[in-house]
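Before any comments, here is the structure.
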Amino acid sequence: MRRLIVIAALLASYPVLLAAALWPAPLVFGAAALVSYAAEYAAPRLARRPLELLGQAHLGVTVRFAARETAALLLVARAAGPDSAWFVALAVSMFGVHGMRALHTGLALRLRQTLARMPVTTRNLDVSALRIPKLPPGWLGDPRGLRFLYLDALPVLGAVWGAVTACCGAALALALGAAGALALLPYVRRTRPLTDRVRVLEVVGAQVAAYRPEVILYFSGATAAAYQARMWLPVLERIDRRAIVVLRERGMARHLEPSSLPMVCIPSSADLMSFRALSSAKLCLYVSNVGRNVHMLRIPTLRSAFLNHGDSDKEASFNPFSRVYDEVWVAGPAGRDRYRKAKVGVRDECVHEVGRPQLQGISTQGPGLPYRTVLYAPTWEGWNDDLFHTSLMMMGPRIVRALLEHDPPLRVIYKPHPLTGHRDKAALRAHRRIAAMIEKAELAKSKARHPSRAEAPATYVRHLVVTGPEPHLYDCFNQCDLLISDISSVVADFLASEKPYAVTNVAGLPEHAFHERYPSTEAGVLLGEDLAGLAEFLDGEDTLARARVKLRSYLLGPEYPDALTRFNAAVERVFAES
């Protein structure tokens, strides 16, 4: 409703401005101008999609501001006459304001592009020799220059009081616009040395060479897939060898959690393959199968090992592409069996069981609250129909509704896959529907427990919709008593908690065939499309505890020695063999 009100006010204000200018009716013009500015300010926050549609219809923000300014010129022309010197001065000044905005935008773009086109960027490395300048404040360095557009409020509103006031406002707006453009010049000048490609590579290369990296974690992909690398950072911080992270997409480091590991981003394949500072490394670890892996795979002195970003029954865990790596590292015997059964060209002697070290923080104890907490963590829709395992569209809203309506009440944590909706927008719509259901239930729950807000019990815990990196998936494991998920690595990882879980049977396979095809489900409850087993899963007796302990060893490897020790031993073996 608010979206419609804002857009309606924005669009309706312009005919009123034009009519008031031609009348002329200065006070009506002023009121319409204020409504127009207020709607313009609120629209990006409340009605972003309609604004995008206006831009596609060639009614973008610059056109809208120019239309408002034109109406102000008409008002002055009607009041003072088109032959008035004040009218001419106002017209010239308004053109000057846009000229200063164009100059500011050009300088801001130059500044951003210089920093964005650096051949290599770093994190946790001392590259002070490059003297990379800090970016100016956001309002000053924004290439869109929206704040500078609002300077036209000085002459537009000034036109209500007459031509002289409008001209004074335009002169002040022109002066402020020029000051903003001039303030950017020192920043642009300080970035000039960063255009020297050879020097930038030399300085960064010297710092990397001084660090003498031994193990590389290589990652390329979309920002939504940053979780694939993120999960391995704490592990590499704890191994006995010096590790470094090599990224390929600019800005990717911002999407990785805080880490002490040095990071270098090298977008150019030519720069990467000639970056000799990495020559001290003997092992390169890969967490996903992407085309840009080939640039690192071509370096003959590096032994390659595919870690994957999860150990599951999905086809991605026995992808034929895996045979391009020297080794494939899996969590436990289940991973080895997947490749053995799939017969995709990965030799058994190339598969090494290294555990899942990142699971060591997962507790086998419940949260200890007077609520039973259920985590619903569906996977995404996959790159194609063969990889489709998500329950979101078919079952998701019904699962969440059943959890919210359960008696006694349950706490719901909903954590969808980061790539949800990437291929199929129906998944995104289902996600939004679920989030709205939980938000509505949480609001009702909050009012029921403390309607006056006078009392807020210490044990009160909210439903959660987790769409960002925090809280982490494993933190959600520690907060919940039960898991409902799809075929994914979430199931295998959750077995570290030894808590009950249920898996959705999206394909509608018979139970025996389903467990045979997806071994990670053997110690869980199977949920069909009719959700027939959900009530028993929530309220029935847990009879699969011993089966989960046994399956845990099959999927994740033995409990002793611990996973980090086994992972570290795999790293040391590579160095011993090289």
Side-chain angles (χ1 to χ4, degrees), residues 222-234 254-258 309-310 312 356 358-359 361-363 365-369 371-381 389-393 395-404 406 409-422 424 427-446 459-497 499-504 538:
T223 54
Y227 72 96
Q228 297 174 351
R230 190 185 299 131
M231 66 172 62
W232 288 104
L233 299 182
R254 295 196 301 269
H255 300 274
L256 301 180
E257 65 185 16
H309 49 275
S312 74
R356 288 278 283 168
Q358 52 270 84
L359 304 182
I362 295 177
S363 171
Q365 302 296 319
L369 299 172
Y371 306 93
R372 294 189 66 197
T373 301
V374 181
L375 169 62
Y376 176 47
T379 189
W380 72 299
E381 57 273 19
H389 297 287
T390 182
S391 60
L392 259 180
M393 296 94 91
M395 304 159 65
R398 291 186 291 123
I399 289 174
V400 173
R401 184 183 297 111
L403 296 178
L404 294 174
H406 187 268
L410 296 170
R411 181 194 179 207
V412 178
I413 301 177
Y414 167 57
K415 185 173 176 59
H417 193 283
L419 293 176
T420 295
H422 191 80
D424 191 341
L428 190 59
R429 290 192 293 271
H431 156 67
R432 289 171 177 166
R433 183 180 173 190
I434 290 172
M437 290 168 55
I438 293 176
E439 182 180 357
K440 182 179 179 180
E442 176 58 36
L443 182 62
K445 176 182 173 184
S446 177
T459 57
Y460 179 73
V461 184
R462 296 171 57 89
H463 297 307
L464 280 181
V465 177
V466 184
T467 55
E470 296 295 335
H472 192 278
L473 175 64
Y474 301 154
D475 294 326
C476 295
F477 286 178
N478 289 339
Q479 292 184 43
C480 76
D481 301 294
L482 307 168
L483 167 73
I484 300 175
S485 189
D486 307 326
I487 299 300
S488 69
S489 63
V490 171
V491 173
D493 286 354
F494 190 74
L495 274 163
S497 73
K499 300 174 186 176
Y501 67 96
V503 184
T504 61
L538 297 175

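Keep in mind it's a predicted model, so treat the numbers as computed, not measured.
- A distance of 4.5 Å separates OH in Y474 from CG in L359, rounded to the nearest 0.5 Å.
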Sequence neighbours left out, cut at 3.5 Å: what donor-acceptor pairs do the side chains of residues 432-439 make with other protein atoms?
none

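- L375 contributes atom CG, which lies 7.5 Å from atom OG of S485 (distance to the nearest 0.5 angstrom).
- In this structure the side chain of H417 reaches within 4.5 angstrom of the side chain of Y227, judged on heavy atoms.
- Put simply, the side chain of K499 gets close to the backbone of C480: a donor and an acceptor are under 3.5 Å apart.
- When side chains are defined from C-beta on, V400 counts as touching L404, because their heavy atoms get closer than 4.5 Å.
- For R372 against D481, the heavy-atom pair with the smallest separation is CA-OD2, 3.2 Å.
- Considering CG of L392 and CH2 of W380, their distance stands at 12.5 Å, rounded to 0.5 Å.
- Using cut-offs of 30° and 60° on the angle between ring planes, the pair Y376 and Y414 is parallel.
- In this view, D486 satisfies the salt bridge (charged side-chain N to carboxylate O under 4.0 Å, His left out) rule with no residue, not counting sequence neighbours.
- Looking at every heavy atom in both residues, P378 comes nearest to S391 through CB-OG, 4.1 Å.
- Of all heavy-atom pairs between L464 and Q479, the closest is CD1-OE1, 4.1 Å.
- In terms of modelled atom types and a separation under 3.5 Å, the side chain of T373 and the main chain of R411 share no donor-acceptor contact.
- Inter-residue side-chain proximity for K415 and V490 is flagged as unmet; no heavy-atom pair is nearer than 4.5 Å.
- Side-chain contact check for Y501 versus L495: some heavy-atom pair is nearer than 4.5 Å.
- T420 is not listed as a side-chain neighbour of T467, based on a closest heavy-atom distance of 4.5 Å or more.
- Closest approach of Q228 to W232, counting heavy atoms only: O-CD1, 3.5 Å.
- The distance from the CG atom of L428 to the NE2 atom of H422 is 12.0 Å, given to the nearest 0.5 Å.
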Does the pair L410 and L482 meet the rule for a side-chain contact (heavy atoms from CB on, under 4.5 Å), with working shown?
CA-CA 11 Å; L410 296 170; L482 307 168; 5.8 Å; no

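- The side-chain contact (heavy atoms from CB on, under 4.5 Å) search around E257 returns R230, L233, P234, not counting sequence neighbours.
- Here the closest heavy-atom approach between residue P500 and residue F494 is recorded as O-CE2, 3.4 Å.
- Minimum interatomic distance between I413 and C476 (heavy atoms only, all atoms of both residues): CG2-SG, 4.0 Å.
- Using a 4.5 Å heavy-atom cutoff, the side chains of T390 and T379 are in contact.
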Please lay out, stage by stage, how M393 and D424 fare under the test side-chain contact (heavy atoms from CB on, under 4.5 Å).
CA-CA 10 Å; M393 296 94 91; D424 191 341; 3.5 Å; yes

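- E442 places a side-chain N or O within 3.5 Å of a backbone atom of H463 that can act as its donor or acceptor partner.
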